[in-house]
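Everything on this sheet refers to the single structure shown next.
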Amino acid sequence: MPIQYSEELRLFRLATPNTAYFFHINEGGFLIHDYYGEILPMCDLRSASARIGKASFSPRSADLTTVPETAPQEYSCNGTGDYRISALQIRESRGNAATDIRYVSHKVYPGKPAIQGQPATYGTDEETTTLEVLTEDGVTGARITLYYTVFEQQDAISRRVKAENNSEKVMDLERIYSLCVEIPFGNWELGHLYGSWAKERTFERKEIPHGITAIESKRGSSSHHHNPFAAIVDKNTSEDTGAAYGFNLVYSSNFSIQVEKDYDGDLRLIMGINPTDFGWRLEPGEAFETPEGIMVFSKDGLGGMSRIFHKLYRNNLCRGPWKTKKRPLLINNWEGTYFNFDEEKIFNIAKDAGELGVEMLVLDDGWFGACNNDKAGLGDWFVNEEKLKGGLSNLSERIHGLGMKFGLWFEPEMINPDSDLFRAHPDWCLQVENRPMSIGRTQYVLDMSREDVRDYLFKCMDDILNTAQIEYVKWDFNRNLTEVASFLLPAERQKEMFHRYVLGVYDLLDRLMTAHPDLLLEGCSGGGGRFDPAMLYYSPQIWTSDDTDAMERLDIQYGTSICYPTSAISSHVSVCPNHQTKRTVPLRTRGDVALAGSFGYELDMTKMSEAEKEEVREQVKEYHKYYDVIHFGDLYRVIPPNGEECAWIYVSEDKSEALLTFVCIRNHPQIRRTVHFRGLDPNKNYADEQGTVLPGSAWMNIGVNYPKSMADGTTFKVYLSEIQ
Ligand code: DGJ
């Protein structure tokens, strides 16, 4: 039973194959959290949540049933005695923000309801069971529903919240997080992903200090700087063993993950929309739904936690045919030409690439309007016939004539001041009247909360996709938001704008994908500035970073893999010296590193030597040979990049094949390097490509030694397949 309720104990138990989550309703109607972690049977855990009186001056609730400050709250409220971080704060019509919710009723049913207008994980009635707990603030009439969906075959639970104004008066939501969790006492560390442009998702792990620690964005996107992800891990947790909780918000805008450790070591985590620059007015009868938060737990270390996220996102978040269908091996012209191209140049790149086995040409920035650099044309989504003489349909036909597919770049949310669109509709940009508009990469941001703006963008994109055969779209987003206000909203609703903006983006994405369900969409934001699960719902792959240097990518792809599956991690072979780092790395290494993702090329193939082309032919063969094990297999990060070496292994779900890649970052003579396989079936026999046959137990225990002569920046792969 994935969700059980004991009438007698007024206790809920949610269970996945290896985890359990408990909370109960106390005599005052408060929801008290009891436990989340390794699986436990149904048992009376209510005493687990009892806390000795500790903090000074802790008030009791008026009915004397609870000391809100010391009780582990299932969903913490502001202003009524719990002084720790609050998940919920509602300002009522009389102006105060005291909030206090109590249990009203609950229901359990098979399946998982969608969230109106927002991306979320999904599951069939067989895969998922949902619990809804209705609570109410008896004074204001705010009705708060807590949603929990259990994924029955995966160790993941989804959470979200709905607020309804069940009163006659207006109320303002000031904080409404998607989830609140109390972590059992322990020696916990916080893991998270920070970064910048070209250095996204660096994994950092630190002891949690007393007080509040926050991982947040207020840039209008999930951002390069922080990812809506956090792990709480025991201080002894390693890649393979130990407790690891993972939390990830399915949201692409301002998010907040806060952790509070009190003086006694008790830990609370809340995750949801960042309350800074947020508010939502609820008129009587209106409702608001938060984005979804995902929680996972594994006792198999960080690796176990990551593999739960990977599988869940591959199967229950990504949608459409490309979730399982083999993605075309592509070449993108961006680093090959930047803005400097015409039809012949693009066609010739496609032709040379096609001869080597590349399957799709993606035309990047610069094909539209009066665009010859990043200073003009954004917003004018009409082909630039000076560059592409016969238009997109002609180019697309010629590329299809080579037996290849064709993909196209857009940056729908942006507008250059030097564009026909801006000249016609200056009011379509985000702006505060009488305040100068900040500018980033010579562009302003369109007001995506406006339906007329979205209608215009949809029509432009739909027309283009209908006039030429285009199988793929790369959706870019190259600046953060400023002066976030709309001409169409009244003053009291301007604080809704960040959220309304992202709802507008989701709406346009949804319309586009509904009209073109077979399209392969790639997300992008100046590299990986919007690499989050909400985007994965629309685009099963996301451009990971503008840093294409293979050595840098080791870190970036390692960090990204902490939460996101390999199939989502777009990764291209580019030219050397690398444009971002000036480093030269062998072409073979660039290929092997890019293979640990959604593979492609990003260079001018017409400039390659014969020897390089031969190497590309080899890489194309390997792409096909290893595609399934890489895209659908389990990832084991055997040696995280450490400045000296790095290695990772994919093992197919049925454990019939495995691929190990080792990178020698810096060689040392006379040092033996051994890597042990992981995740194999100990009792199956596996052969490598040289014909050595050993049982899985031997490959895992004895491992593989690497040649001492490996040069800096070179790679070595071992592919195993089961021998019956
Ligand atoms: C940023 C992206 O990350 C690049 O791949 C490229 O598409 C440029 N934008 C184009 O302006």
Side-chain angles (χ1 to χ4, degrees), residues 195-201 219-225 227 252 330-341 345-346 349 360-381 384 387-388 406-416 418-419 439-446 461 470 472-480 520-532 535 539 541-550 552-553 556-557 560 568-575 578-581 590 594 597-604:
S196 69
W197 175 79
K199 194 75 195 151
E200 295 89 339
R201 289 170 297 286
R219 295 168 176 271
S221 72
S222 43
S223 90
H224 299 88
H225 298 253
N227 197 264
S252 314
L330 66 84
I331 181 155
N332 176 304
N333 72 303
W334 179 242
E335 285 200 19
T337 67
Y338 295 106
F339 292 101
N340 181 20
F341 62 83
K345 200 166 191 177
I346 297 298
I349 292 176
M360 178 163 74
L361 181 289
V362 176
L363 178 57
D364 210 280
D365 197 352
W367 58 266
F368 49 87
C371 179
N372 287 309
N373 49 42
D374 61 10
K375 294 185 176 39
L378 277 177
D380 300 339
W381 298 110
N384 179 328
K387 280 180 167 176
L388 304 177
F406 180 56
L408 196 61
W409 178 97
F410 285 91
E411 193 178 8
E413 298 153 74
M414 299 295 163
I415 177 169
N416 286 124
D418 183 2
S419 65
I439 193 146
R441 208 197 186 207
T442 345
Q443 56 201 48
Y444 297 139
V445 186
L446 286 168
M461 297 179 82
I470 297 172
Y472 160 113
V473 161
K474 176 174 171 187
W475 181 304
D476 207 344
F477 171 82
N478 281 304
R479 62 159 286 188
N480 292 137
L520 171 56
L521 194 69
E522 172 156 315
C524 176
S525 169
R530 205 159 58 178
F531 203 121
D532 58 59
M535 282 297 147
S539 55
Q541 60 190 53
I542 300 178
W543 182 228
T544 311
S545 178
D546 277 345
D547 191 341
T548 55
D549 174 88
E552 291 288 294
R553 276 297 186 115
I556 296 169
Q557 294 176 190
T560 306
I569 298 177
S570 280
S571 198
H572 297 170
V573 174
S574 63
V575 80
N578 180 269
H579 289 189
Q580 292 79 35
T581 62
R590 284 178 264 155
S598 206
F599 184 80
Y601 291 89
E602 182 150 342
L603 39 75
D604 183 349

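All figures in this text were calculated on a predicted structure; none of them were measured in a lab. Ligands are counted one by one from 1 in listed order, and the atoms in each one are counted from 1 as well.
- Note on ligand 1: Met414 sits outside its first shell, no heavy atom being nearer than 4.0 Å.
- For ligand 1, the polar-atom distance check finds an N/O of Asp476 within less than 3.5 Å of one of the ligand's N/O atoms.
- Each of the following atoms of ligand 1 lies closer than 4.0 Å to a heavy atom of Asp365: 10 (C), 11 (O).
- Using a 4.5 Å heavy-atom cutoff, the side chains of Val575 and Asp604 are not in contact.
- Under 4.0 angstrom from ligand 1, there are no non-hydrogen atoms of Glu335.
- Of the N or O atoms in Ser525, none lie within a sub-3.5 Å distance of an N or O in ligand 1.
- Taking every heavy atom of Trp543 and a limit of under 4.0 angstrom, the matching atoms of ligand 1 come to 3 (O), 5 (O).
- Inter-residue side-chain proximity for Arg553 and Thr544 is flagged as met; some heavy-atom pair is nearer than 4.5 Å.
- Nearest non-hydrogen protein atom to atom 3 (O) of ligand 1 is Asp546 OD1, 2.5 Å.
- Results of the side-chain contact (heavy atoms from CB on, under 4.5 Å) test with Phe368 over Leu408, Asn384, Leu378 single out Leu378 as the only residue that passes.
- The proximity of Asn332 to ligand 1, defined as any non-hydrogen pair under 4.0 Å, does not occur for either the backbone or the side chain.
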* Evaluate side chain to side chain contact (heavy atoms under 4.5 Å, CB included) for Trp367 paired with Phe410, printing each intermediate quantity in order. => CA-CA 9 Å; Trp367 58 266; Phe410 285 91; 3.7 Å; yes

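- Evaluation of the salt bridge (Lys or Arg N to Asp or Glu O under 4.0 Å) rule for Glu413 yields Arg530 as partners, not counting sequence neighbours.
- Against a heavy-atom cut-off of under 4.0 Å, Gly526 is close to the following atoms of ligand 1: 1 (C), 3 (O).
- Of the polar atoms of Phe339, none of the N or O atoms is found under 3.5 Å from an N or O of ligand 1, judged by distance alone.
- Here the protein heavy atom with the shortest distance to atom 6 (C) of ligand 1 is Asp364 OD1, 3.3 Å.
- The part of Lys474 lying near ligand 1 is the side chain, judged by heavy-atom distances below 4.0 Å.
- Remark: the Thr581 side chain and the Glu552 side chain contain no N/O donor-acceptor pair separated by less than 3.5 Å.
- When only modelled atom types and interatomic distance are considered, Ser252 and Asp532 share a side-chain donor-acceptor pair under 3.5 Å.
- In this structure the side chain of Met414 never reaches within 4.5 angstrom of the side chain of Arg441, judged on heavy atoms.
- Evaluation of the ring-ring contact (aromatic ring centres under 6.0 Å, His included) rule for Tyr444 yields Phe422 as partners, not counting sequence neighbours.
- Those atoms of ligand 1 that come under 4.0 Å of a heavy atom in Cys524, given as number and element, are 2 (C), 3 (O).
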